[in-house]
Amino acid sequence: MRQLTLAALLLAAPASAAVPVSAVNTQADAVEAKVIDWRRDIHQHPELGNREVRTAALVAKHLRALGYEVREKVGVTGVVGILKGGKPGGVVALRADMDALPVKEATGLPFASQATGTYNGATVPVAHACGHDAHVAMLMGAAEVLAKLKADIPGTVVLVFQPAEEGPPAGEAGGASLMLKEGVFNAPKPQAIFGLHVWPGVAGSLSWRPGAMMAEADTVHITLKGVQTHGAVPWRGTDLIGQVATTVHEVNRLVTRTIDPTQTPTILTMSAINAGLRHNIIPDKAEIFGTMRSFDLARRDQLKEQLEKMVKGIAAVYGTEATVDISSAGALTYNEPALATWLSGPLAEATGSVDQIHPDAPPVTVSEDVSLFMNKVGGVYYFLGISPDGVAAGETPPNHSPFFTVNEKALKTGVKAHVLSAIRFLEQQPKRERPAS
Ligand SMILES: [Zn+2]
Ligand SMILES: [Zn+2]
């Protein structure tokens, strides 16, 4: 009886057999040259947020040719591709962002950007200084590999090509929040989403961490109102300029004096001041702008309260009025812990070596709007190392630098990481936890 059951299991095995990693490797080898070509083409033709028209058309055409169901203009220029595998199963999503930045490229690459665009009404140079060109190319490569392996995939893969990750132009909606509003996950709804960002590190290495991975970003806007007076008779008005200096000085002390640095990294930076016009007029209005970065949302809420209390306390001393607006500019990127642990398997397969994966990397203080997708369905976001050969991560020009570039050797690993995270998720249906929010 026992043997019969075993025989039945063995007979059933081919239907549920995993896609061999060798098949993924073969297809990734076959697509590598195309991925490099796409990346260079997109790099040479960068487009700012919500203006990714050429890039989106390239993606949609490629997905259609591969037999994907394609939805366009989801969140202005977003493209969604849906691939139904040959076997029944769940749904998983993969994400790439498409937008470039108002940066003048200084890499000296033969395919460096010469492009310009319009940003806040001004003509600006435009470049892929955050590597989203590589993101699009790798997910296009993954689309092709997945299409080739389609017959053996148990479930559905949703590819999300997202516009405006760096933020939409002033006065426009965009990015992950708009794609969600416009139903990117409505049908089919993914059970989880995975994605990657190119980042300084050994080319082709993959790093991530469970839990809080990229910061919650909050924008701080302080407005101070007093009584204007001549600089020669300060006692006839309020000393708003002195108050600005005191406020910046005290706010800068707040984090170091109130947060346990061994518990949670926190940044509070005052970055801009608008106040005054002339040497002999003390103005009646001043504004201070800043940014907060946190990894612990409860602690962030406390810090917001402390900041407001401090600013208003100082205003009371100076006899002025203060308002403090703190608004979220990017949600915490939270890797669902159980999934983050599980992902070591597929990502070790993608790199071909456990030495090339780092599942306990430190968090980073930048923020990413992939967090909004992850908050909806849970998932994991990870970094793909792209440093030039022989250049340490700390010596590599960072993302957003005019010298930022991507080591193309890493692209094939990125393709495999996308493909294996999706296929193994569908095959193995790993145990889940509740995501952060
Ligand atoms: Zn960026
Ligand atoms: Zn980016």
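Both counts, for ligands and for their atoms, begin at 1 and track the order of listing. For this chain, numbers begin at 1 and follow the sequence in order.
The N, O or S atom of His400 with the smallest distance to the Zn ion (ligand 1) is NE2.
When only modelled atom types and interatomic distance are considered, Thr333 and Glu368 share no side-chain donor-acceptor pair under 3.5 Å.
At least one N/O/S atom of Glu166, whether from backbone or side chain, sits less than 2.8 Å from the Zn ion (ligand 1). Counting backbone and side-chain atoms alike, His135 contributes no N/O/S atom closer than 2.8 Å to the Zn ion (ligand 2).
Put simply, the angle at the Zn ion (ligand 2) from NE2 in His132 to NE2 in His197 is close to 110°, to the nearest 10°.
Side-chain atoms of Arg54 do not come within 3.5 Å of backbone N or O of Ala57 as any donor-acceptor pair.
With respect to Asp218 and Arg300, a salt bridge is recorded, a charged nitrogen being found less than 4.0 Å from a carboxylate O.
The structure places CD1 of Ile241 at 11.0 Å from OG1 of Thr246, a figure rounded to the nearest 0.5 Å.
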